[in-house]
Amino acid sequence: QVHLVESGGGSVQAGGSLRLSCAASGRTFSSVAMGWFRQAPGKEREFVSTISGFGGNIAYADSVKGRFTISRDNAKNTVYLQMNSLTPEDTAVYYCAARNGRGYRTSIDEYDYWGQGTQVTVSS
């Protein structure tokens, strides 16, 4: 079992930045790949970014590539999502997820554990 707690969400103006954190507990952190997903009102949850267990492999959705950066600190059992150049289209609840296994995945169905989500609101 892995317990995930996100933090760092909030309200920001377009062009601003936020850094999300997700603290994990319950398993050896490097044994799980991590992902960030988001869900806007009225839309399905979508993939944002993922990172492998040791951080060597990373992937991003095209919509955030070049603006968002995922990283992890296995000593602190924490994964981060640095979000820059935010736009109103980035407004959503952001979820941290973990999957059993070190290999990263982009599909929601591949993840086994989810955090409660943190709201990100970007105003124009």
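Predicted model, so just to flag it, every value in this text is computed and none were measured. What you see below is based on every heavy atom in this structure, not just the backbone, and it leaves out hydrogens, waters and symmetry mates.
- Ser123 contributes atom OG, which lies 5.0 Å from atom CD of Gln13 (distance to the nearest 0.5 angstrom).
- Separating the CE atom in Met34 from the CG atom in Asn77 is a distance of 9.5 Å, to the nearest 0.5 Å.
- Counting only residues at least two apart or in different chains, side-chain hydrogen bond (donor to acceptor under 3.5 Å, both in side chains) contacts with residues 24-36 comprise Arg27-Ser31, Arg27-Asn100.
- Side-chain contact between Arg45 and Tyr95 is present, with at least one heavy-atom pair separated by less than 4.5 Å.
- A donor-acceptor distance shorter than 3.5 angstrom exists from the side chain of Thr78 to the backbone of Lys76, with no hydrogens or angles considered.
- Here the closest non-hydrogen pair linking Leu4 and Ala24 is CD2-CB, 3.6 Å.
- In this structure, Arg72 satisfies the cation-pi test against Phe29, with its NZ or CZ atom closer than 6.0 Å to the six-membered ring centre and inside 45 degrees of the ring normal.
- Residue Arg38 forms a side-chain contact (heavy atoms from CB on, under 4.5 Å) with just one option from Val93, Asp90, Val120, and that option is Asp90.
- Note that NZ of Lys65 and OG1 of Thr69 are 12.5 Å apart. Values are rounded to the nearest 0.5 Å.
- Atom-to-atom distance recorded for Glu6:CD and Gln116:CD is 4.5 Å, nearest 0.5 angstrom.
- Two residues are said to be in side-chain contact when any heavy atoms from C-beta on lie closer than 4.5 Å; Val5 and His3 meet this criterion.
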### Query
Can you check side chain to side chain contact (heavy atoms under 4.5 Å, CB included) on Ile51 and Val79, steps first, answer last?
CA-CA 9 Å; Ile51 187 168; Val79 63; 4.1 Å; yes
### Query
Can you check ring pair (Phe, Tyr, Trp, His ring centres under 6.0 Å) on Tyr60 and Phe47, steps first, answer last?
CA-CA 8 Å; Tyr60 297 98; Phe47 166 73; 8.3 Å; no
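- A heavy-atom distance below 4.5 Å is not found between the side chains of Ile58 and Tyr104.
- For the residue pair Glu89 / Thr91, no side-chain donor-acceptor distance below 3.5 Å is found, with atom types taken as modelled.
- Note on Ile108 and Phe68: separate hydrophobic clusters, where clusters join Ile, Leu, Val, Met, Phe, Trp and Tyr whose side-chain heavy atoms are under 4.5 Å apart, directly or indirectly.
- Ring orientation note: the planes of Phe37 and Tyr111 are nearly perpendicular, at an angle over 60° on the 30°/60° scale.
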Which pairs would a plain distance check flag for residues 15-22, meaning a side-chain donor or acceptor within less than 3.5 Å of a matching protein atom at least two apart in sequence or in another chain?
unit_1, atom_1, unit_2, atom_2, d
Ser17, OG, Asn84, OD1, 2.9

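- Separating the CD1 atom in Ile70 from the CD atom in Gln82 is a distance of 12.0 Å, to the nearest 0.5 Å.
- Here the closest heavy-atom approach between residue Ala92 and residue Ala40 is recorded as CB-N, 3.8 Å.
- Side-chain contact between Ser7 and Thr118 is absent, with no heavy atoms from C-beta onward closer than 4.5 Å.
- For Arg99 and Tyr113, the positive end is not near the middle of the six-membered ring at less than 6.0 Å and at most 45° from its axis.
- At a threshold of 4.5 Å between non-hydrogen side-chain atoms, the residues Val2 and Trp114 do not count as touching.
- The shortest side-chain heavy-atom distance between Ser71 and Tyr80 falls under the 4.5 Å cut-off.
- In this structure, Phe54 stands alone, with no Ile, Leu, Val, Met, Phe, Trp or Tyr side-chain heavy atom under 4.5 Å from its own, directly or through other members.
- Taking all atoms of both residues into account, the shortest heavy-atom contact from Ala59 to Thr106 is CB-CG2, 4.4 Å.
- Residues Gly103 and Ala33 share a closest heavy-atom pair of O-CB, 3.3 Å.
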